[in-house]
There are 2 protein chains.
Amino acid sequence: MAGKRRAEMMEETRTKLIRSARRAFSEKGYAAASMDELTAEAGLTRGALYHNFGDKRGLLQAVVDQIDGEMAARAQAVGARAETEWDGLLAEGVAYIEMALEPEVQRIVLLDGPAFLGDPSQWPSQNGCLQVTLQKLEGLIAQGTVRPVDAEAAARLLNGAALNAALWVAASDQPQEVLAKAVEAFRVLAGGLLAAPG
Amino acid sequence: MAGKRRAEMMEETRTKLIRSARRAFSEKGYAAASMDELTAEAGLTRGALYHNFGDKRGLLQAVVDQIDGEMAARAQAVGARAETEWDGLLAEGVAYIEMALEPEVQRIVLLDGPAFLGDPSQWPSQNGCLQVTLQKLEGLIAQGTVRPVDAEAAARLLNGAALNAALWVAASDQPQEVLAKAVEAFRVLAGGLLAAPG
DNA sequence: TCATTGACATACGGCGCGTATGTGTGATGT
DNA sequence: ACATCACACATACGCGCCGTATGTCAATGA
């Protein structure tokens, strides 16, 4: 028990703080979350927080990076399972919409993240979600499936569309029906990118 | 000077407070803006603010409603000037992207608004921007130009795409070039809605 | 074994929000 | 015209929260 090295201990406290922060931020929002409560829930004090993350924003940044990484990995996994590259792109977009329904993702990454950390593309994590979409798009453009538009621009618009759709679905009364409409509209819109409209 | 009725006076203080709030919120962000400074700049105190708007969020709501209304009016004016309905839709979208480059719009309506007031479609102002796009889309669907998708879903995705494009442009080093790419990508994406791809 | 580093806790100061209370001016009735 | 009321706004107060400065104790290394 006491046989742990200092580095391991520190990594553990970081993990505990991030875990508590994910809970607190997603339930109360970043602004309303109290550092005292948050750290107490992790069995620590604010001292540990300022030592490890600098300030409250630093903790938010760490949380956002973690969730963003998880989202990117999940989307990529879903996209890789598709039969064609194009279906993969669509699947990734739909996956983003569905993931954005989770309170953690919505509240922390989509709402508080941009508001308190600024534009996602400026984040240290480099916005993994965007990178995944970007790569898929570049591949599709190279193989001629997608028209030769600016890949980054298209990726941003697609992600933005998916994100906004998710906010809509989440605020809706009948999430299931609205989700179906959102996914359908997403497919139609994305179809605009195709070189040979189907 | 003293010949004003009470209602007129109250309307004037509301106007002054909202004006100061637009400045403060857009420059410092909602969270960092101090009510004391804000009201002092308007020649008043926090008392006036709590009396007229209930709390800090109430003031943000009022500011957001005002800006949203202005945006919707501007977009509608731009869209109405186009030769065809379809061109009008595209023009509105481009107008949103360009408007979102203004710090007031970006910071207050696009970042702090959703974070502190929740989903835009739930706002009392009913999100005028969305309504404008929605009407245009419904017209286009009725006349057969646009495929029969769910109009609200499509409107949301379009607006979301435009919004995200704007964030990208604003954070960029060469806004002019990036804006051109964003607009081009927007046109391509929107083309997916067309019944007869061109 | 002892000095030192560093991870974390404790203590302190200040600011900002929300509310409770005070105040003066315009509205109202006779 | 005068007294009274109502109300828009100012003033006063308390609480919570963040950031920093300081303290403490265990782990490290010679």
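The sequence lines fix the lettering, A, B, ..., with proteins before strands; numbering per chain opens at 1.
Atoms NZ (Lys56(B)) and P (dC17(C)) sit 4 Å apart, rounded to a whole Å. Between Leu59(A) atom CG and dC18(D) atom C1' the separation is 13 Å, expressed in whole Å. For Met35(B) and dC17(C), the CE to P distance is 6 Å, given to the nearest whole Å. Straight-line distance from the NZ atom of Lys16(B) to the C1' atom of dC9(D): 12 Å, rounded to whole Å. For the pair Leu38(A) CG and dA9(C) P, the computed distance is 13 Å after rounding to whole Å. For the pair Glu11(B) CD and dG26(C) P, the computed distance is 19 Å after rounding to whole Å. Atoms CG (Leu49(A)) and P (dA7(C)) sit 15 Å apart, rounded to a whole Å. Rounded to whole Å, the distance from CG on Leu44(A) to P on dT24(D) is 20 Å.
Scanning atom types as modelled, one donor and one acceptor separated by under 3.5 angstrom connect the side chain of Arg46(B) and the base of dG18(C).
Across all strands, Ser34(A) comes closer than 4.0 Å only to sugar-phosphate atoms, never to a base (heavy-atom distances). Backbone-only contact: Ala33(A) has heavy atoms under 4.0 Å from sugar-phosphate atoms and none from a base.
Between Asp119(B) and Arg156(B) a salt bridge is recorded (basic side-chain N to carboxylate O distance below 4.0 Å).
For Glu37(A), whose side chain is taken as the heavy atoms from C-beta onward, the closest listed nucleotide among dG18(C), dA9(C), dC17(D) is dC17(D). In this structure, the nucleotide among dA9(C), dG19(D), dC17(C) sitting nearest to the side chain of Ala48(A) is dA9(C).
Under the 3.5 Å distance criterion, with hydrogens and angles disregarded, a donor-acceptor pair is assigned to the side chains of Asp65(B) and Gln61(B).
Leu17(A) and Ala42(A) make their closest contact through CD2-CB, 4.2 Å (heavy atoms, listed as atom of the first residue, atom of the second, distance). Summarising the geometry of Lys56(A) relative to Ala31(A), their closest heavy-atom pair is NZ-O, 3.6 Å, with the distance given to 0.1 Å.
A donor-acceptor distance shorter than 3.5 angstrom exists from the side chain of Arg107(B) to the backbone of Ala115(A), with no hydrogens or angles considered.
Using cut-offs of 30° and 60° on the angle between ring planes, the pair Phe116(B) and Tyr30(B) is tilted.
For the side chain to side chain contact (heavy atoms under 4.5 Å, CB included) with Glu12(A), the qualifying choice from Glu8(A), Met10(A), Lys16(A) is Lys16(A), the only one to do so.
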Dump the pairs, protein N or O against N or O of nucleotides 6-8 of chain D, anything under 3.5 Å, distances to one decimal.
unit_1 : atom_1 : unit_2   : atom_2 : d
dC7(D) : O4'    : Arg6(B)  : NH2    : 3.3
dC7(D) : O2     : Arg6(B)  : NH2    : 3.1
dA8(D) : OP2    : His51(B) : NE2    : 2.6

